[in-house]
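See structure below.
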Number of protein chains: 2
Amino acid sequence: MKASIFDVAKRAGLSVVTVSRVLNGAGTVREKNRQKIMEAIKELDYRPSAAARSLARGKTGIIGLILTTLQDSFFDAVVKEINEALALHGYYLAVSVTREFGSDEAHYLIQEDRVDGLILLSPLEEGRLVSELKKRNIPYVIIDNQLPENTASSIAVDNYRGGYEAASHLLSLGHRNIAHLCGPELFLSTRERRSGFLDALKEAGMEPFAVEQGDYDIEFGYETARKWLADGTLPTAVFAGDDYIAIGFMNALMEAGVRVPEQLSVVGYDDQDIASRLRPFLTTVRQPSERIGLAAADMLLRKIDGKTKRSAGLKLKPELIIRQSTAARGEAN
Amino acid sequence: MKASIFDVAKRAGLSVVTVSRVLNGAGTVREKNRQKIMEAIKELDYRPSAAARSLARGKTGIIGLILTTLQDSFFDAVVKEINEALALHGYYLAVSVTREFGSDEAHYLIQEDRVDGLILLSPLEEGRLVSELKKRNIPYVIIDNQLPENTASSIAVDNYRGGYEAASHLLSLGHRNIAHLCGPELFLSTRERRSGFLDALKEAGMEPFAVEQGDYDIEFGYETARKWLADGTLPTAVFAGDDYIAIGFMNALMEAGVRVPEQLSVVGYDDQDIASRLRPFLTTVRQPSERIGLAAADMLLRKIDGKTKRSAGLKLKPELIIRQSTAARGEAN
DNA sequence: TTGAAAGCGATACCAG
DNA sequence: CTGGTATCGCTTTCAA
């Protein structure tokens, strides 16, 4: 039988109340008694029951985090950051991998009040879940919201700016034939990055070489490159909607013997781990995972404490990381 | 104020006991009353409290899963499989990302009985955690155990066989100068894969071209290739300890203009997502993620139900996936 | 079939 | 500083 707080109290010759006080670090306990209780706890190998505590306190000490995939280095970094930030405040993180949020069934984390708050990490379709959370009055924060109306409780990265900077970088290197490979229209990030890109070109009085649309994956980049290669007409620079598209694009070029960045410059987006490990190391736009994680944890904690008046969403600046895949336009092209 | 079971009972004009019965699907409730209660539940938007339930029942309905990184497509597949398998039995999965298991502090999931069971996915150092689990009598299953003594409650893939098959494949293609790039000695998988590789060669009466050791990453593969390239002496085939090493190796070859598989064949291990997306598509050894996930869930559930006599560990067969990176030894080499 | 009452293991308020 | 007691919300006997 597992030891309960009563066993500890009995063994220490004190009341459960006092034991509870020690457990919760209340200062109002005579040191001598504290010692006795600590000893009893150790001897019985006692651990308080999370369920009982939650019931009595009305909170669980757990923050839920919902994400859609476990193969993303950006997620990895953000989650680790959040983990630490929350631990500092006595909260633990429970991650749940879910792609779809079933018809009218809510997610189990919110279903039965298993968490004190929720973080949605780049949700695919946040609409239903968010309305459920609002209805149940569960504090939440969205990282990278897709719906504009959810900006108020979200941490986002300025995708417009990211696209703008990527283009500016290429422009400043002297490129005049720049293409953009964007992701699915469905994503807010796709549209914003593209706008930024296009605006930068427009300001420079330039038309894009092309703007192609496809999935955020290697295949799209690869196929597009193959197509252009077959046509025999390449841009001198490409801004890919994300690193995978960029990698696929470069993969095709390498295969065909076209050299990056000598003959063609490539910029990616996200700074996935692999982007800085595969040659040529990719120039890319990084989302500040540390700051995002920290901000998300902070914002959520504030919401939980109810200290927030009208919380405003946060928009962070991305950072252009210049590596090997971009270079000044050569005379050749 | 949130509705409790009492509110539902009152509203339905029945007792909490009956409500509880309906909640738990007991058949012994008059259909008419069932209806009434269901209605009351809907009207009040009532949800049972997980904490209260856990406390009363003595179990949480949650299975914990501990892993070390969120950037691994194999983990992703396994976790999704486990998720589904557990859901079928009414359990939910709470994932925790943890690299180290603090000194004498146990992990929060087991600390306060927050879970009914635990799955350790490719733990880095399982020793301390396992002894803690045993002591607390918490059912657990390890996927890919590192310590031989933990095999009894683990699901593992036959790494020896994987190494053996990779080598056999290369051998059957006529290669005679085969190298192996293995991971850190620390990992059981490293040692097993290498043994399998070496045994296959020995049986064929052959010596390896070389056996190099490094980290499981792109850099190691890349650097090794560069070294050999500089020396001007390459094997005709390479068996890499994992896909990243393979990718790094091929990356260097591509850069140097050495063609895979025409001039050199490469076999990876794990079948990471990217292995089948980057050209040339990698021949690799796949771990059966579906079967692993299913088996892990099954084994754990059995342990929880206490139906297990002396559970024996499970060892699954890996599968060689032949793609584009391997080909018969050309006359040239 | 149904319900009254006794836990489950903590916390919180109020006395002393 | 310490402890009695009610309470959190649900499940589980045990009678009726």
Side-chain angles (χ1 to χ4, degrees), chain A residues 1-38 40-41 44-62 90 92 108 110-116 136-137, chain B residues 1-38 40-41 44-62 90 108 110-116 136:
Chain A
M1 205 46 206
K2 254 205 78 188
S4 86
I5 196 171
F6 277 89
D7 304 316
V8 176
K10 190 175 302 173
R11 178 147 198 142
L14 290 160
S15 81
V16 295
V17 178
T18 308
V19 176
S20 174
R21 290 204 176 96
V22 170
L23 251 32
N24 295 290
T28 68
V29 176
R30 195 160 306 184
E31 184 53 25
K32 179 106 186 192
N33 289 333
R34 222 187 96 77
Q35 298 284 342
K36 269 199 244 172
I37 290 176
M38 289 306 276
I41 288 180
L44 295 170
D45 191 29
Y46 163 80
R47 308 285 160 172
S49 144
R53 279 191 141 161
S54 302
L55 183 56
R57 298 209 265 232
K59 46 185 310 196
T60 65
I62 302 283
Y92 291 110
Y108 85 92
I110 65 175
Q111 181 86 278
E112 308 184 349
D113 289 320
R114 290 182 192 274
V115 297
D116 294 339
R136 292 216 195 302
N137 216 16
Chain B
M1 203 49 204
K2 253 205 79 188
S4 85
I5 196 171
F6 278 90
D7 304 317
V8 176
K10 189 177 301 173
R11 177 145 198 145
L14 290 160
S15 81
V16 295
V17 180
T18 307
V19 176
S20 174
R21 290 203 177 96
V22 170
L23 250 32
N24 295 290
T28 68
V29 176
R30 198 158 306 182
E31 182 54 26
K32 179 105 187 195
N33 289 334
R34 221 188 96 77
Q35 298 284 342
K36 268 198 242 171
I37 291 176
M38 289 307 276
I41 288 179
L44 294 170
D45 191 29
Y46 164 78
R47 308 285 160 172
S49 144
R53 280 193 139 160
S54 303
L55 183 56
R57 298 209 265 232
K59 47 186 306 194
T60 64
I62 302 281
Y108 85 92
I110 66 175
Q111 181 86 278
E112 308 184 349
D113 289 319
R114 289 180 192 274
V115 298
D116 295 338
R136 291 214 197 301

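Heavy atoms only: backbone and side chains are in, while hydrogens, waters and symmetry mates are out. Numbers restart at 1 for each chain; the letters A, B, ... are given by sequence-line order, proteins then strands.
- Every residue two or more places apart in sequence or in another chain that forms a side-chain contact (heavy atoms from CB on, under 4.5 Å) with A:Asp45 is listed here: A:Arg47, B:Lys135, B:Arg136.
- The shortest distance between side-chain heavy atoms of A:Lys36 and A:Thr18 does not fall below 4.5 Å.
- Summarising the geometry of A:Ile62 relative to A:Arg114, their closest heavy-atom pair is CB-O, 3.9 Å, with the distance given to 0.1 Å.
- Every side-chain hydrogen bond (donor to acceptor under 3.5 Å, both in side chains) that B:Arg57 has, sequence neighbours left out, goes to B:Asn24.
- Distance NZ (A:Lys10) to C1' (C:dG9): 14 Å, rounded to an integer number of Å.
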Polar atoms only, N or O, under 3.5 Å: list the protein pairs with nucleotides 3-7 of chain C and their distances.
{"residue": "C:dG3", "atom": "OP2", "partner": "B:Ser15", "partner atom": "N", "Å": "3.0"}
{"residue": "C:dG3", "atom": "OP2", "partner": "B:Ser15", "partner atom": "OG", "Å": "3.2"}
{"residue": "C:dG3", "atom": "OP2", "partner": "B:Thr18", "partner atom": "OG1", "Å": "2.7"}
{"residue": "C:dG3", "atom": "N7", "partner": "B:Arg21", "partner atom": "NH1", "Å": "3.4"}
{"residue": "C:dG3", "atom": "O6", "partner": "B:Arg21", "partner atom": "NH2", "Å": "2.6"}

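- Applying the salt bridge (Lys or Arg N to Asp or Glu O under 4.0 Å) rule to A:Arg34 yields the partners A:Glu31; only residues at least two apart in sequence or on another chain are considered.
- Scanning DNA chain D 5' to 3' for nucleotides with an atom closer than 4.0 angstrom to a non-hydrogen atom of chain A gives a first and last hit of D:dC1 to D:dG9.
- With sequence neighbours excluded, no residue forms a side-chain hydrogen bond (donor to acceptor under 3.5 Å, both in side chains) with A:Ser54.
- The list of salt bridge (charged side-chain N to carboxylate O under 4.0 Å, His left out) pairs with a residue in residues 1-11 of chain B, not counting sequence neighbours, reads A:Asp113-B:Lys2, B:Arg11-B:Glu43.
- An end-to-end axis angle of 30° holds for the helix from C:dT1-D:dA16 to C:dG16-D:dC1, taken from five base pairs per end and rounded to 10°.
- Partners of B:Tyr46 under the ring-ring contact (aromatic ring centres under 6.0 Å, His included) rule, at least two apart in sequence or in another chain, do not exist in this structure.
- When rounded to the nearest whole Å, the span between CG of A:Leu23 and P of C:dG9 equals 14 Å.
- Contacts of A:Val16 classified as side-chain contact (heavy atoms from CB on, under 4.5 Å), with partners at least two apart in sequence or in another chain: A:Ile5, A:Phe6, A:Ala9.
- Remark: B:Val17 pairs with B:Ser15, B:Arg21 by the side-chain contact (heavy atoms from CB on, under 4.5 Å) rule, at least two apart or across chains.
- Atom-to-atom, CZ of A:Arg53 to P of C:dA10 comes out at 8 Å; the value is rounded to the nearest Å.
- Taking side-chain N and O atoms only, A:Arg57 has a distance below 4.0 Å to OP1 or OP2 of C:dT11.
- In this structure, the CD atom of B:Glu112 is 12 Å from the C1' atom of C:dG9, given to the nearest Å.
- In this structure, B:Asn33 has no side-chain hydrogen bond (donor to acceptor under 3.5 Å, both in side chains) partners at least two apart in sequence or on a different chain.
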